[in-house]
Amino acid sequence: MNALARLQEVVGKLPAMSEPPQSDRLVPPTGFTALLTTFTAGAMAFLAVFTLALSLATGRVADRWANELSQSSTIRISAPAEEMEAQTSAVLQVLETTSGVAFARVLGNEEQRVLLEPWFGADLPLDDLPIPRLIEVIEEEDGYDPEGLRLRLSAEAPGAFLDDHTRWRRPLVSAANSLRMLGWTALVLIGLSMAAMVTLAARAALAANAQVIRVTRLVGARDTYIASAFVRRFTLRAFYGSLLGAALAMIIVAFLPEPSDRDAFLTGIGFRGWSWILPLLIPPFCAIVAFLATRRAAFRTLNEVT
């Protein structure tokens, strides 16, 4: 009886059947499939915004680490106490005549104490320990020849060792880039998961209305007309659900702590400048995914309904 009642409602408006809003009467406006589609789209959009924010944050971290470490080097001088000053002066003279070196300075005891404090504590007696002398080297934009500088240092100051941070920079940048790639992969999986859930919801709705579909075909409705009803309704549900989920996620991201010098990676997750446009693209993207998934599921299911 429910199917016949719905059929009478549709048949009563057959002259206007070419108008898209009338075809929506074939799709139940509420129910399990409606809630499933809206909730799935909202949840996936919510997760997509945070995944996108994390990907952008790791990209900024990778760029910052690469820039900071690529423009600086460290020279460590390990020599007897009576030769420390002489070798330090020799290293500074070599750096003054090295092409590509913009600035060089000797780190003081207090600065070295701060560097060693995380490993040895705040009460480290630097005066009683044979701590190497550290010289910070700032490069020019074009940089310098590290191998040539090492040869000159070995001749002028045998206790000097050049660390151009290559062994530190590459693993850090590689790890950050891997996290960024993982984030983009997660976005793809979120899109595929949403497509799968919308497909299941659409097929369930089509199966539940199989009797209405059979009788509607008898009065002349084509599969394109029937499918358009489900495609339009499920696309709108996915769009509105993803719009709500994305908006909620953007509000939460906006209130996340700002980046700090101490733990920028943990507090720098968010959007900066033009990147705020990217989460606005998620609802239209979810609508496109729902459109394609529902269209494919609708025609496949209609071919199975006889």
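Since we're looking at a predicted model, the values are computed, not measured.
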Novice: Check for a donor-acceptor pair, side chain of E156 on one end and backbone N or O of V94 on the other, with a separation under 3.5 Å.
Specialist: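 Side chain of E156 to backbone of V94: no pair is present.
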
Novice: Side-chain contact test, heavy atoms from C-beta onward, threshold under 4.5 Å: evaluate it for I138 versus E136 and give yes or no.
Specialist: yes

Novice: If you measure from CG on L54 to CH2 on W184, what distance do you get to the nearest 0.5 Å?
Specialist: 11.0 Å

Novice: Restricting to non-hydrogen atoms, name the atom on T51 and the atom on A186 that form the minimum distance, rounded to 0.1 Å.
Specialist: CG2-CB, 3.7 Å

Novice: Quick one: which of I75, L107, I77 gives a side chain to side chain contact (heavy atoms under 4.5 Å, CB included) with R133?
Specialist: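 The passing option is I77.
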
Novice: Under 3.5 Å, side-chain donor or acceptor atoms of residues 278-299 against the rest of the protein: list the pairs with distances, not counting sequence neighbours.
Specialist:
{"from": "T294", "atom 1": "OG1", "to": "A290", "atom 2": "O", "distance (Å)": "2.6"}

Novice: Do you know the tightest heavy-atom contact between A104 and I135?
Specialist: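 Answer, listing the atom of A104 first, then I135: CB-CG2, 4.4 Å.
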
Novice: When you measure from the side chain of S89 to the backbone N and O of E85, does any donor-acceptor pair fall under 3.5 Å?
Specialist: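 Between the backbone of E85 and the side chain of S89 there is a qualifying donor-acceptor contact (under 3.5 Å).
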
Novice: Would you call M181 and S55 a side-chain contact if the rule is heavy atoms closer than 4.5 Å?
Specialist: no

Novice: Does F39 belong to the same Ile/Leu/Val/Met/Phe/Trp/Tyr cluster as M197, with side-chain heavy atoms less than 4.5 Å apart forming each link?
Specialist: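 Hydrophobic grouping puts F39 apart from M197.
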
Novice: Is there a continuous path of hydrophobic side-chain contacts, each under 4.5 Å between heavy atoms, that joins V231 to L236?
Specialist: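 No.
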
Novice: Give, for atom OG1 of T199 and atom CZ of R300, the distance between the pair rounded to the nearest 0.5 Å.
Specialist: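 If we round to the nearest 0.5 Å, T199:OG1 and R300:CZ are 9.5 Å apart.
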
Novice: Apply side-chain contact (heavy atoms from CB on, under 4.5 Å) to residues V106 and L134 and explain how you reach the verdict.
Specialist: CA-CA 6 Å; V106 180; L134 298 179; over 6 Å; no

Novice: For S73 and L162, which heavy atoms make the closest approach, and how far apart are they?
Specialist: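 Minimum heavy-atom contact is CB-CD1, 4.1 Å.
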
Novice: Any heavy-atom pair between the side chains of R105 and F103 that's under 4.5 Å?
Specialist: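 Yes - at least one pair of side-chain heavy atoms lies under 4.5 Å apart.
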
Novice: What's the verdict on side-chain contact (heavy atoms from CB on, under 4.5 Å) for V137 and T98, showing C-alpha distance, side-chain angles and the deciding distance?
Specialist: CA-CA 11 Å; V137 181; T98 300; over 6 Å; no

Novice: Side chains of Q93 and T97: does their closest heavy-atom pair fall under 4.5 Å?
Specialist: no

Novice: Are M84 and L153 linked, directly or through other ILVMFWY residues, by side chains that come within less than 4.5 angstrom of each other?
Specialist: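 In one cluster with M84: L153, yes.
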
Novice: Under 4.5 Å between side-chain heavy atoms, hopping through other hydrophobics if needed: is there a path connecting L52 to L248?
Specialist: yes

Novice: Grouping I, L, V, M, F, W and Y whenever their side-chain heavy atoms are under 4.5 Å apart, do V188 and I190 come out in a common cluster?
Specialist: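 As far as the 4.5 Å side-chain criterion goes, I190 and V188 are not connected within one cluster.
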
Novice: Can you tell me if T38 uses its side chain to pair, donor with acceptor, with the backbone of L35 under 3.5 Å?
Specialist: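 Absent.
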
Novice: Please walk me through it: do F46 and M44 pass side-chain contact (heavy atoms from CB on, under 4.5 Å)?
Specialist: CA-CA 5 Å; F46 186 88; M44 293 302 175; over 6 Å; no

Novice: What are the two closest heavy atoms between G159 and Q87, and how far apart are they?
Specialist: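 Closest pair (atom of G159, atom of Q87, distance): N-OE1, 3.0 Å.
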
Novice: Within the 4.5 Å heavy-atom criterion, are Y240 and T235 side-chain neighbours or not?
Specialist: no

Novice: Please evaluate residues V253 and W276 with respect to the criterion side-chain contact (heavy atoms from CB on, under 4.5 Å), reporting the C-alpha separation (whole Å), side-chain torsions for both, the decisive distance (0.1 Å), and the verdict.
Specialist: CA-CA 10 Å; V253 170; W276 278 102; 4.2 Å; yes

